[in-house]
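Right, one structure below, let's go through it.
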Amino acid sequence: MNSFFRYFSDIFHGVKSLLIGMSVTGRYFFSPGQIVTQQYPENRKNLQMFERFKGEVIMLHDINNQHRCNGCGICENNCPNGSIEIISARITGEDGKSKRIIDKHIYHLGMCTFCGLCVKNCPSNALGFGNEFEHAVFDRSKLNKVLNQPGSSIIKGVE
Amino acid sequence: MTFNIYDFTSFNRWIDEGLNSIMSPTWALITEMAIIGIVFLLFYAIVGLFLVYAERKVCAFMQNRVGPNRVGPYGIFQTIADFIKLLMKELVYIKDSDKLLFNIAPFIVIIASFMALSAVPFAKGLHAIDFDIGILYVIAVSSLGVVGILLAGWSSNNKYSLIGAMRSGAQIVSYELSVGLSLLTIIVLAGTMQFSEIVEMQRNGWFIFKGHIPAIIAFIVFLIASTAETNRGPFDLAEAESELTAGFHTEYSGIKFAFFFLAEYMNMFLVASIAATVFWGGWMPFHVSGWAGFNTIMDYIPPLVWYFGKTAFIIWLMMLFKWTFPRLRIDQLLTLEWKYLLPINLVNILFMAFLVLMHWHF
Amino acid sequence: MDNDSLKARILEIVPEAQQEENKQYLTILVPAAKLHDLALKMKSTTDLAFDYLICLSGVDYGKQLAVVYHINSILQKHTVVIKVKTDDRINPSFDTVSDIWRTAEFHEREAYDMFGIRFNNHPDLRRIFLEEDWKGYPLRKDYVDEVNIVEF
Amino acid sequence: MSAESLILFFIVGAFLVGIALLFSSLVPPTSTNSQKAEAYECGIPTEGITWLQFNVGYYLFAIIFLVFDVETVFIFPWAIMMKSMGMTAFIEIIIFFFVLGVGLLYAWKKGALKWE
Amino acid sequence: MKEIINLPVSKIEEEEYHINMGPQHPSTHGVLRLLVSLQGEIVKSLKPHCGYIHRGIEKMCEKDTYPQVIHLTDRMDYLSAHINNHAVCLLVEKALEIEVPERVKYIRTIMDELTRIQSHQLWWSSFGMDLGGLTCFFYGLRDREMILDIWEETTGSRFLQSYNCPGGVMQDIHPNFQKKVHAFIKTFKKKIKDYDRILSGNVIFENRSQGVGILSKEDAISYGVTGPSGRGSGWSCDIRKIEPYSMYGQVHFNEVLRYECDTYSRYMVRMQEMHESMNIIEQLIDNIPAGDHSAKMKAVIKLPAGEYFQRVESARGELDVYVVSDGNKTPYRMKFRTPSFTNLGVLDHISRGMKIADLVAIGASLDLVIPDIDR
């Protein structure tokens with residue numbers, strides 16, 4: 001007799017639990033206001049990334065097209081994947097001394113794992129993270145970027 | 001109380017007589033058949049495509065998503081785009097597979113659902129064939145689909161498919177019983193198996209109200225069993241994707257896969273429409289005895305709207321099942337059938353018979 | 001049990017064992033031949049009760065190959081590090097402890113895969129990560145990687 | 001329409017599948033290679049034979065089903081006549097169900113309904 | 001066809017049905033291959049084949065400096081990336097005998113617990129999906145998004161943050177951090193009730209999970225099954241309690257233990273752990289002391305020669321880092337004892353005699369992350 005009652009209580013509890021489950025999905029079905037989907041390409045205009053978002057490594061330039069990188073190579077040493085290459089050049093400064101400046105700061109985006117060591121360890125805070133995240137290209141070689149903008153020079157007093 | 005503005009019988013007769021007047025009876029018959037064939041073909045395709053779209057939207061809303069929204073407004077052409085894509089896909093053949101059975105399987109699945117569809121009454125006078133053994137016919141024909149699934153699984157020469165097919169065989173064979181017995185409960189009340197008569201008998205109240213408790217139990221059992229019979233979640237063991245990748249149709253590509261997919265949705269439509277017809281009065285409007293004004297207003301709503309509304313609601317229920325519950329295991333599936341549904345069903349039939357005997361139904 | 005008494009107990013079982021310097025755990029170097037015996041006793045003795053093998057690591061010390069066992073007792077809450085070393089770099093082998101701690105089964109396969117250390121009586125000693133026909137044992141210090149992606 | 005027109009539905013169904021299959025086998029580009037013709041088993045070549053004797057569990061249920069399904073066929077005519085025959089039919093079906101129920105109970109207790 | 005007919009009957013019975021689950025299989029959540037021997041639906045035995053995404057992290061570590069190692073540990077168990085970082089940082093700090101500022105400890109602990117919650121959320125999602133309840137998947141991911149947003153705001157990344165560094169954390173927390181964590185906890189406490197309604201209490205789920213994959217406490221210890229899986233067998237193996245690190249010694253939380261030893265108990269442990277994690281975060285979030293976000297570190301970190309071992313509790317179980325240092329700036333040998341790898345070892349043992357569907361449930365209940373196995 002005991003098992004007989006358990007048979008029915010099983011059915012009862014089973015059906016009850018199923019109805020509770022259905023109430024959850026049913027509730028969401030009738031509340032489309034809670035939809036969380038982001039319509040990505042359409043919302044591009046008002047898509048606001050967080051300021052710290054690590055989209056890519058960039059070299060910070062001011063309005064005079066000047067940056068703070070002196071080509072010391074610390075970022076290159078710190079990069080675990082070898083995604084930074086520094087090509088420096090020597091020029092003769094105004095005071096007649098030969099000094100090292102950055103010629104090309106090459107950044108292989110395709111190899112970068114965004115660990116942030118280059119940005120963190122840069123002694124002159126020349127590097128930063130940009131918010132751009134749409135990096136898809138058809139050719140891998142396009143992922144190799146030169147970070148210092150053409151014609152840019154170093155801010156005085158940084159070296 | 002008769003209300004015949006939506007009666008399609010005269011419309012049918014008009015076509016029939018019109019055709020007979022301009023051509024010989026043989027040709028008239030052939031033309032009629034061609035018309036019916038084309039109409040059903042279109043109907044089948046449209047309902048299938050719509051149901052796939054509806055399922056995507058429904059499940060998306062249940063999951064806090066938007067669902068398809070790229071092709072056309074609100075993504076309504078998504079399934080058409082998918083269909084075209086699948087049509088343009090290559091049919092891949094697997095070596096060592098049984099090619100004949102492999103090709104026959106989608107035929108069987110589609111034909112079974114197609115033939116079962118022929119007996120469904122959409123509105124008064126709007127049905128292809130009105131059998132006097134309608135329910136028996138539908139049960140018999142729709143269960144043919146399992147042969148297709150078994151063949152598909154067996155002929156693929158794929159282990160997942162084979163296990164899926166075996167599961168599906170055991171499952172459908174078991175749930176066949178409950179589908180039959182739950183419909184029998186209503187047959188006891190109705191005393192007929194002809195769909196048109198069954199619908200007609202619900203003019204003054206749907207069977208689910210007339211038969212009250214046993215009818216409601218039978219309806220729930222039918223809903224569960226038919227969900228299982230259409231291989232839908234939580235009973236989708238045959239294609240249990242987390243276990244058997246895609247189950248019996250793992251090896252089917254392109255349009256052949258699409259046919260299995262289509263057949264699943266058509267079977268869902270079919271069982272929903274049978275449930276609507278047998279339990280919820282089919283195209284009969286909702287009537288409350290005594291409320292003459294209310295009943296008249298209800299009568300103005302076309303029977304097709306009633307019919308599709310009820311069907312859509314039951315389909316929605318089945319989608320709610322699928323998108324809420326986890327999948328059962330094969331032994332639990334069979335336990336549910338043999339230890340719960342079947343005994344309940346048997347007792348329920350007796351209960352209904354007793355009700356009929358004592359005239360306790362409405 | 002504190003480290004001193006632990007050491008005394010282990011020395012009782014294996015007198016040849018030597019202690020190695022380590023700030024964190026008691027580290028004991030055991031001759032390879034005594035390893036299985038010691039492990040068995042360590043697990044079955046009630047006051048030691050080392051029932052949980054935390055970690056089994058292969059180490060290449062340059063000349064020697066070693067296997068380091070970090071073993072913990074859940075009941076007694078003490079941890080000991082057992083080390084076995086071998087000079088044989090061509091065909092290094094130790095006794096398996098996978099019959100004592102089942103977790104060793106996978107870890108020993110890993111050590112075999114990466115260091116080529118064979119474990120006698122292991123139930124299923126195959127390479128676990130690399131392919132069966134992989135040449136060499138990558139984590140050894142003398143392993144030469146022909147296609148090194150990092151040093152391009 | 002009469003029942004003979006069932007053949008129509010058969011033909012239409014076959015037509016639908018056939019025409020689509022025909023289209024699909026002619027129009028889309030095809031290519032074959034030995035990898036493509038492998039049965040899908042998570043990307044690993046299949047080991048052993050696929051078509052093997054299978055677990056008896058599935059067939060056991062098929063047999064029980066057969067028994068019950070035949071019984072169900074007997075219930076159909078009774079169900080139609082129930083209303084008109086009244087008490088006699090009811091008593092008859094009680095006896096019938098009793099036999100069926102005993103059979104089910106027996107199978108249940110025997111463990112035939114247990115999946116192994 | 002023909003071969004079968006020609007086979008003698010006894011031969012057929014002996015023949016085992018081998019089936020590959022994985023590497024391309026929905027239920028392995030990655031590229032794990034399980035070679036399963038079946039008899040009908042029953043699993044006779046199974047052999048895991050791993051290594052499909054073995055990247056040789058331990059070898060790569062030998063070439064990297066300690067700060068560089070951290071970004072590799074992210075990629076082992078990507079779902080508890082922060083905890084993996086934490087382990088290496090703790091080890092380095094222990095070896096150098098550096099005391100990190102209190103603020104760092106608070107931040108790390110909160111981050112660890114957020115990691116645990118999001119890992120369990122993803123586990124819950126995929127558990128539901130493995131059992132066929134696809135809706136669970138979206139609910140879990142939906143709520144996980146809030147944690148990812150919190151991370152993105154503070155660390156700049158959503159998934160593999162590399163937020164810890166030896167001596168502290170990369171950046172100070174974002175001003176919005178506390179507010180957002182509070183908002184998350186408030187929301188998630190409501191949402192987790194939905195989780196219970198839709199899956200935990202469901203009769204189908206209970207039947208699918210109860211009595212499935214029994215792992216006794218003795219076996220759990222012998223196989224080294226740690227974390228929620230081990231605690232589901234009643235083994236008190238929480239490193240946060242055994243060897244407390246960061247703030248775990250000072251916060252109050254319960255170690256969730258259950259004794260049914262089956263899939264259901266492993267499930268319930270994780271569900272309870274999410275509550276406990278929220279409890280820990282609530283205790284810490286308002287009391288983060290002011291201070292620096294990193295201790296003063298030398299530019300080049302060299303560990304004194306010797307051997308170091310650090311245990312932490314990752315979302316999946318005990319994560320140990322074992323370092324042999326020869327005094328250089330790169331580790332001489334670095335070994336990660338990852339929880340998934342060890343937990344995988346028990347899969348064969350507990351899934352024997354179960355059905356294929358159970359195997360999927362058991363695999364999901366062990367919460368295996370494939371990169372964590374392969375490293």
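So you know, we letter chains A, B, ... as the sequences are listed, proteins then strands, and number each from 1.
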Taking a cut-off of under 4.5 angstrom between non-hydrogen atoms, the residues of residues 58-68 of chain B near chain E are Met62(B), Gln63(B), Asn64(B), Arg65(B)
Got a donor-acceptor contact below 3.5 angstrom from the Arg316(E) side chain to the Ser119(E) backbone?
no
So, does Ser168(B) use its side chain to make a donor-acceptor pair with the main chain of Gly164(B) at under 3.5 Å?
no
All ring pair (Phe, Tyr, Trp, His ring centres under 6.0 Å) counterparts of Phe341(E), not counting sequence neighbours
Phe106(C), His107(C), Phe129(C)
Phe159(E): which residues meet the ring pair (Phe, Tyr, Trp, His ring centres under 6.0 Å) condition with it, sequence neighbours left out?
Tyr78(E)
Residue [X] versus chain B: region with a heavy atom under 4.5 Å:
X         : value
Val36(E)  : neither
Phe205(E) : both
Asn202(E) : side chain
Arg142(E) : side chain
Leu199(E) : side chain

Donor-acceptor list for residues 259-266 of chain B side chains, cut-off 3.5 Å, not counting sequence neighbours:
{"from": "Tyr265(B)", "atom 1": "OH", "to": "Glu55(B)", "atom 2": "OE2", "distance (Å)": "2.8"}

In plain terms, say whether [X] and [Y] are close enough for a salt bridge, that is, a side-chain N and a carboxylate O under 4.0 Å apart.
X         : Y         : answer
Arg158(E) : Glu145(E) : yes
Asp82(B)  : Arg56(B)  : yes
Lys47(E)  : Asp348(E) : no

Specify which of Asn20(E), Asp358(E), Ile198(E), Ile356(E) makes the most heavy-atom pairs with chain B at under 4.5 Å.
Asp358(E)
Using the ring centroid of each side chain, check whether Tyr175(B) and Phe235(B) are separated by less than 6.0 Å.
yes
